[in-house]
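Because the structure is predicted, anything quoted here is derived from the model rather than measured.
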Amino acid sequence: MYDFAIIGSGVSGARIAYELTAGGATCLMIEAGKVYDRTNYPPDELGYTGRMFWGGGIEVSQDGRLGFLRGKCLGGTSVVNQADLNRFDDLAWDDWRDRSGIDYFNTPEMSPLYDHLDSRLVSNKIPTEHYNRNAQLFTESFEKCGYGWAPIVRAQSDCKFDKGSDCIVCLGGCPRDSKQSAVVTLIPTAKKQGLKIETEFAVDALDDSGPTVKIHGTQRGQRREVEAARAVLACGSFGNTTLLHRCQEIGRKLPALGTRFACHPQRMTYGIHADTVGSHKGPLQSVESHDDKLRKAGLKLENVFAPPIATSMLLPGVGMQHVELMKKYRYFSGMEVVIRDDPAGELKIDRKGNLIRAKTLTAADRAKVKKGLEIATEMHHAVGAKEVIHCEQEFGLHLMGGCPIGADANTSVVDPDFQVHGHPKLIAADSSIFPSAPGINPSFTIMALSYLASKKLLES
Ligand SMILES: Cc1cc2nc3c(=O)[nH]c(=O)nc-3n(C[C@H](O)[C@H](O)[C@H](O)COP(=O)(O)OP(=O)(O)OC[C@H]3O[C@@H](n4cnc5c(N)ncnc54)[C@H](O)[C@@H]3O)c2cc1C
């Protein structure tokens, strides 16, 4: 029997496994996905999208308007994300404090957690001389249109741009091990500290009615049961919410289960230029908006591009019209409009236990998207784009909520000590506990919350 079973191995699960094993606890990590690392990352876009993400690449909202991405592999979404690290600002913490009734959500109390993690993480900004043409156009357009921008801090060690690398495969794992994902950093160290790992093990039921927690699931076609004194639920927004809904004895006593789902909806825009831009080569992402006006309007603009298959799915049109657009791929600059959405989505399950993602953008969200697209259009034209394309498909990469944290058991699922209300043997500190969308990349804060939860667990 283990002290802790940690279900899910992503940003939160890996951090908690590392901290608890460092503190001397016996831990088992359970992960639904397979093991991928630099020796076996699928080499092409179709291969990694199909194998390393849930839903064979993409999952969709109930109305089909939003596509969602989340990693399914040891290390979770940390293996397939863009690794940008951002701290929350006062605006985000004030909103969380108001919604959750938790006093420690404030900059002075949370900053030391970020500082602690920062001192142990390898992170970098892309040096200006290695910006690709897309990033150069992006910064030029910010200056011309009067918006502030800043270089992105990314959890990466050395992408070897000075040696001519033009690698853009962050979303398919990192064959250079430059990206500091959990499979490169925390999980190997936690293993040395005694962590046991079971992969391809999808958990579908929990029983915490006795003195321990019994965890049931299927591993490579076989039913399995494992037991631990406590269980850490680190399956992310969709995973944790689905699991608790399926455990009816637990889920039906949690009135807020499935509420406050948000995802920072994004819309890709492309500018078509007369000369080659080559956005598909060089650092995937170097800069982002850093501007009070945009922040207050709930908007963020990111300098980013997508590989060819993803781009072909995002572009509008069919038949020869679509083919003609794809032929211009090298001439595209890319800019992403991201909004800070209302956490008005709801995560439910159907009678077969499948997740229903009820998420339709509110009128306020739609107004933000419209404003963001107008600004992106102005910015593309300011640096010479002949034509600007707004991709119709909206997608969410930051899946948040479903098990929101808060002091009141009627409006939240997890209490200020990261225990599921009424179930002290069940712990969660991952993206599922977000009480609202911060409008800021979530990973660094998931790490901070998970570190705090680990400290509380070790103290108890
Ligand atoms: C393409 C992309 C780019 C992104 N870029 C950034 C970025 O630059 N910066 C940033 O801050 N954020 C980024 N994000 C978001 C960020 O990666 C996530 O918010 C974060 O990983 C969530 O952490 P988590 O621990 O909650 O869940 P995850 O990291 O998703 O981990 C959950 C794990 O649980 C496993 N699991 C789920 N259900 C079960 C089950 N029933 N049984 C067993 N295991 C299960 C999953 O397979 C997964 O491994 C990006 C996301 C995507 C998709």
> Would a line drawn from the ring center of F68 to the ring center of W54 be shorter than 6.0 Å?
Replying inline: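 So the answer is no for these two rings.
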> Given the side-chain rings of F261 and F238, with only the six-membered ring counted for Trp, is the space between their centroids under 6.0 Å?
Replying inline: yes
Pairs of donor and acceptor atoms involving the side chains of residues 441-449, under 3.5 Å and at least two apart or interchain, shall be tabulated with distances.
residue, atom, partner, partner atom, Å
N441, OD1, H398, NE2, 3.2
N441, ND2, N86, OD1, 2.9
T445, OG1, Y114, OH, 2.6

In plain terms, say whether [X] and [Y] are close enough for a salt bridge, that is, a side-chain N and a carboxylate O under 4.0 Å apart.
X: D365; Y: R340; value: no
X: R295; Y: D291; value: no
X: E19; Y: R15; value: yes
X: K370; Y: E374; value: yes

>> Just to verify, what does E140 make a side-chain hydrogen bond (donor to acceptor under 3.5 Å, both in side chains) with, not counting sequence neighbours?
In response: none
> For R65, which residues count as a side-chain hydrogen bond (donor to acceptor under 3.5 Å, both in side chains) partner, sequence neighbours excluded?
Replying inline: none
> Does a side-chain heavy-atom distance below 4.5 Å link R154 with C170?
Replying inline: yes
> Taking atom CG of L452 and atom NZ of K455, what is their separation to the nearest 0.5 Å?
Replying inline: 6.5 Å
> Residues two or more places apart in sequence or in another chain: which of them pass salt bridge (Lys or Arg N to Asp or Glu O under 4.0 Å) with D417?
Replying inline: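 For D417, the residues satisfying salt bridge (Lys or Arg N to Asp or Glu O under 4.0 Å) (neighbours in sequence not counted) are K456.
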>> Can you list everything that forms a salt bridge (Lys or Arg N to Asp or Glu O under 4.0 Å) with K386? Sequence neighbours excluded, please.
In response: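 K386 satisfies salt bridge (Lys or Arg N to Asp or Glu O under 4.0 Å) with no residue once adjacent residues are dropped.
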>> Would you call the rings of F305 and Y329 parallel, tilted or perpendicular, taking 30° and 60° as the class edges?
In response: tilted
> Side chain of S123, backbone of A155: donor and acceptor closer than 3.5 Å?
Replying inline: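 No.
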> Under 6.0 Å from the NZ atom of K160, do we count more than 12 heavy atoms belonging to anything else shown?
Replying inline: no
> Without hydrogens or angle criteria, can the side chains of H322 and S312 be said to hold a donor-acceptor pair below 3.5 Å?
Replying inline: no
>> Can you pull out every salt bridge (Lys or Arg N to Asp or Glu O under 4.0 Å) where at least one residue sits in residues 104-124? Sequence neighbours excluded, please.
In response: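 Sorted result for residues 104-124: R87-D115, R87-D118.
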>> So which atom in C403 and which in L257 form the shortest heavy-atom distance, rounded to 0.1 Å?
In response: SG-CD1, 4.0 Å
